[in-house]
Amino acid sequence: MRRFKVEVLLSTTLTFLSLSGTSFALIAKDGVSGRLPALGFNSWNAFRCDIEEENFITAAEKMVSLGLKDAGYIYVNIDDCWSTMERDNATGRLVPDPVKFPHGIKGTAEKVHALGLKLGIYSDAGSKTCAGYPGSLGYEDIDAQIWDEWGVDYLKYDNCNVPEDWVDHYTYWPENWFGGYEQQEGITAPEDYDWSQSNSTKRYNLMRDALYTKSKRTILYSLCSWGRSHVERWGNQTAQSWRIWGDIIPQWDGRITYSWGFMPIVNYGIFFLEYSDFWGHNDLDMLEVGNGNLTDAETRAHFGLWAALKSPLLIGTPLDEIQEKDIKVLKNWEILAFNQDPVYGKPALPYKWGINPDWTWNQTHPAEFYSGPSIRGIHVFILNTLNKKTKKSAVWSEIPGLSTDPKKRYKVRDMWTHKKLGVYMGKVELKLEAHDLAALLITEVDGGHPLHKGGNGNKYKRVDIPLPEVYQRKPRSWGTGPNAV
């Protein structure tokens with residue numbers, strides 16, 4: 001088993017967890033926040049810039065009354081457009097819009113905290129936010145101090161309006177990476193370039209340092225750099241999560257200008273899953289459950305994949321208008337339990353692609369077969385990317401942690417319905433609706449954990465298993481992450 005140790009690097013105020021010989025993950029000040037993917041609510045997908053305090057108080061109250069707080073959702077996050085258009089001339093401080101937030105952000109935070117929840121805020125590592133409000137570049141210490149005073153618990157930090165002298169020398173936009181090749185619009189970096197030395201890293205580290213030195217509170221730090229500058233390679237030494245792609249929209253595939261459907265996001269994210277573990281999470285963007293014209297199957301697949309890949313889960317729909325069927329998906333305790341597992345921090349990994357050959361870049365048909373352990377057993381997630389109902393099979397010998405004996409029998413449970421499907425030898429076959437996701441829990445016939453032979457052992461004791469066999473064929477130039485074995 002890999003041994004973890006805590007070391008202090010760079011500054012006496014920054015604590016890092018050693019993941020491997022040369023890789024480290026930043027630990028939050030309280031030693032708790034950000035170890036697991038964040039659960040909560042964010043205003044952007046629901047309201048864009050049309051926000052006021054009442055939106056967040058309503059969201060907080062609904063999180064409590066609908067049982068979302070009890071399910072683990074704790075953050076109520078204010079996105080862009082909360083401040084006035086200029087800083088205070090005398091102090092340089094950000095000023096909450098007095099019409100939108102008549103009691104200030106501090107007043108809103110007090111109301112949210114009174115409900116047992118936490119408040120998040122938004123800013124930008126540039127001169128202005130994406131909507132044109134004051135950014136925080138050059139004001140990191142001041143802003144960290146005021147967020148501390150106001151009672152802020154979470155910061156989403158965006159990537160718009162970067163001054164020319166802060167632009168990276170080399171360019172990496174994930175939209176211009178196509179698996180076997182890339183077509184960047186600027187200068188393409190050498191293959192061995194260390195992206196932790198980029199200006200993007202330096203910009204985001206300025207706020208990291210301010211949050212740790214100028215704030216007494218624990219403020220969870222979430223980067224929104226859209227996957228640029230290979231943030232997955234350095235994000236875990238800077239923050240607790242990092243966006244890996246552009247903005248999401250509530251549709252299965254395709255794109256609208258700079259916003260993308262689910263499949264392009266998944267297609268890219270699965271090439272870099274090994275970088276995600278405790279204290280550092282690839283962020284696939286906020287949830288669209290309850291938005292658009294998604295089918296029930298697409299809603300399940302979207303939420304289930306985001307949870308299985310250990311992304312933060314931030315609800316992005318008005319909670320006073322959400323349908324019961326969508327609340328049921330968001331509160332599914334088995335899906336959430338995998339995302340929040342206290343022992344196994346890695347996401348489910350693809351063990352084969354399905355429609356396409358392994359490691360195929362395809363924004364319509366990404367990998368369909370994923371698996372990963374939890375304290376409950378081995379979980380299998382099977383995606384149907386087709387536009388029609390189809391049959392899929394989970395074959396035990398293909399799944400890491402399960403037996404290769406063709407006569408081996410396992411008990412199978414459906415995590416969506418919470419019902420036992422039965423005991424199966426060698427494999428289980430399923431019928432999946434178009435754009436649906438099967439979520440299965442695999443255990444021994446007696447309910448024991450497959451990784452604890454003979455039913456012995458403490459389920460809270462981690463048992464490492466090899467990466468799926470397909471990872472032996474992953475091109476090394478694509479990166480293997482700090483946690484590869």
Side-chain angles (χ1 to χ4, degrees), residues 263 266-267 270 273 297-298 300-310 332 334-335 337-339 341 344 346-360 362 365-386 388-453 463 465-473:
M263 291 301 97
V266 172
N267 172 65
I270 57 180
L273 289 173
E298 289 170 343
R300 282 192 299 270
H302 165 42
F303 180 76
L305 279 172
W306 264 233
L309 302 183
K310 300 292 179 85
N332 185 298
E334 296 196 64
I335 304 296
F338 182 85
N339 180 266
D341 193 84
Y344 295 92
K346 290 183 180 180
L349 299 176
Y351 62 88
K352 68 176 180 179
W353 253 238
I355 289 178
N356 290 306
D358 296 340
W359 300 113
T360 296
N362 189 295
H365 302 292
E368 295 184 309
F369 295 84
Y370 304 79
S371 69
S374 80
I375 60 173
R376 301 178 63 221
I378 300 293
H379 299 256
V380 176
F381 302 90
I382 303 177
L383 177 66
N384 178 15
T385 63
L386 297 174
K388 62 181 181 180
K389 182 183 292 187
T390 190
K391 289 183 179 180
K392 300 285 185 181
S393 298
V395 180
W396 306 152
S397 61
E398 297 176 342
I399 299 168
L402 299 186
S403 174
T404 58
D405 182 351
K407 296 183 179 181
K408 176 66 177 178
R409 291 154 55 88
Y410 287 108
K411 183 188 294 184
V412 181
R413 176 182 171 91
D414 186 335
M415 295 165 64
W416 291 119
T417 64
H418 314 300
K419 294 180 180 179
K420 185 177 77 170
L421 297 183
V423 174
Y424 297 86
M425 182 173 67
K427 65 179 181 179
V428 59
E429 292 186 345
L430 307 160
K431 291 183 179 179
L432 282 177
E433 298 291 334
H435 300 172
D436 207 347
L437 179 78
L440 308 175
L441 171 65
I442 314 297
T443 63
E444 299 290 347
V445 173
D446 63 2
H449 199 299
L451 299 182
H452 297 161
K453 304 303 181 184
V463 178
I465 58 177
L467 288 171
E469 191 271 337
V470 297
Y471 279 80
Q472 296 179 19
R473 300 189 296 277

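Being a predicted model, the structure only gives us computed values, none of them experimental. FYI, side chains are in, hydrogens and waters are out, and symmetry mates aren't considered; it's all heavy atoms of this structure.
- Ring planes of H379 and F381: parallel class, angle under 30° (limits at 30 and 60°).
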Report the C-alpha separation of I378 and L451 in whole Å, then their side-chain angles, then the decisive distance to 0.1 Å, and conclude whether the side chain to side chain contact (heavy atoms under 4.5 Å, CB included) test is met. CA-CA 8 Å; I378 300 293; L451 299 182; 4.1 Å; yes
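- The structure places CD1 of I465 at 8.0 Å from CG of L402, a figure rounded to the nearest 0.5 Å.
- Between the side chain of W416 and the backbone N or O of R300 there is no donor-acceptor pair closer than 3.5 Å.
- Here the side chains of V412 and L441 are not in contact, with every heavy-atom distance at 4.5 Å or above.
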CA sep, side-chain torsions, deciding dist, call: M263, L305, side chain to side chain contact (heavy atoms under 4.5 Å, CB included): CA-CA 10 Å; M263 291 301 97; L305 279 172; 4.3 Å; yes
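- In this structure a side-chain-to-backbone donor-acceptor pair under 3.5 Å is present from N332 to M415.
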Starting from the C-alpha separation in whole Å, work towards a yes-or-no answer on salt bridge (charged side-chain N to carboxylate O under 4.0 Å, His left out) for K388 and E433. CA-CA 7 Å; K388 62 181 181 180; E433 298 291 334; over 6 Å; no
When you look at R413 and K419, which way does the side chain to side chain contact (heavy atoms under 4.5 Å, CB included) test go after all the steps? CA-CA 6 Å; R413 176 182 171 91; K419 294 180 180 179; over 6 Å; no
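- A side-chain donor-acceptor contact under 3.5 Å links N267 to the backbone of N362.
- For the pair P400 and P468, the minimum side-chain heavy-atom distance is below 4.5 Å.
- You'll find the side chain of S371 stays beyond 4.5 Å of the side chain of L349, heavy atoms only.
- The two atoms that bring A439 and I335 nearest to each other are CB-CD1, 3.8 Å, heavy atoms only.
- Across all non-hydrogen atoms, the minimal contact from A434 to A297 is O-CB, 3.5 Å.
- Rounded to the nearest 0.5 angstrom, E334 CD and T417 OG1 are separated by 8.0 Å.
- Using a cutoff of 4.0 Å between basic side-chain nitrogens and carboxylate oxygens, E469 and K352 are not scored as salt-bridged.
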Could you give me the CA-CA distance, side-chain angles and deciding distance for V380 and Y370, then say whether side chain to side chain contact (heavy atoms under 4.5 Å, CB included) is met? CA-CA 6 Å; V380 176; Y370 304 79; over 6 Å; no
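- Between F369 and W353, a ring centre-to-centre spacing not shorter than 6.0 Å is recorded.
- With hydrogens and angles disregarded, a donor-acceptor distance shorter than 3.5 Å links the side chain of Y410 to the backbone of S403.
- A cation-pi contact links K310 to F338, judged by a cut-off of 6.0 Å to the six-membered ring centre and 45° from its axis.
- Using a cut-off of 4.0 Å between Lys/Arg side-chain N and Asp/Glu carboxylate O, E444 and K408 are scored as salt-bridged.
- Of all heavy-atom pairs between K392 and I382, the closest is CB-CG2, 3.6 Å.
- A donor-acceptor distance shorter than 3.5 angstrom exists from the side chain of N356 to the backbone of H365, with no hydrogens or angles considered.
- P350 pairs with exactly one of D358, L273, L383 by the side chain to side chain contact (heavy atoms under 4.5 Å, CB included) rule, that one being L273.
- Side-chain contact between T385 and H435 is absent, with no heavy-atom pair separated by less than 4.5 Å.
- Taking 4.5 Å as the limit, every side-chain heavy atom of N339 sits out of range of all side-chain heavy atoms of L309.
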Indicate every side-chain donor-acceptor pair of residues 425-432 with a distance under 3.5 Å to a residue at least two apart or in another chain.
residue : atom : partner : partner atom : Å
K427    : NZ   : E429    : OE2          : 3.2

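- Between L437 and A301, the shortest heavy-atom contact is CB-CA, 3.6 Å.
- Taking 4.5 Å as the limit, every side-chain heavy atom of Y351 sits out of range of all side-chain heavy atoms of Y471.
- In this structure, the side chains of I442 and I399 stay at 4.5 Å or more apart for every pair of heavy atoms.
- Proximity of a side-chain donor or acceptor of H449 to a complementary backbone N or O of S374 within less than 3.5 Å is detected.
- At least one donor-acceptor pair under 3.5 Å links the side chain of W396 to the backbone N or O of Y424.
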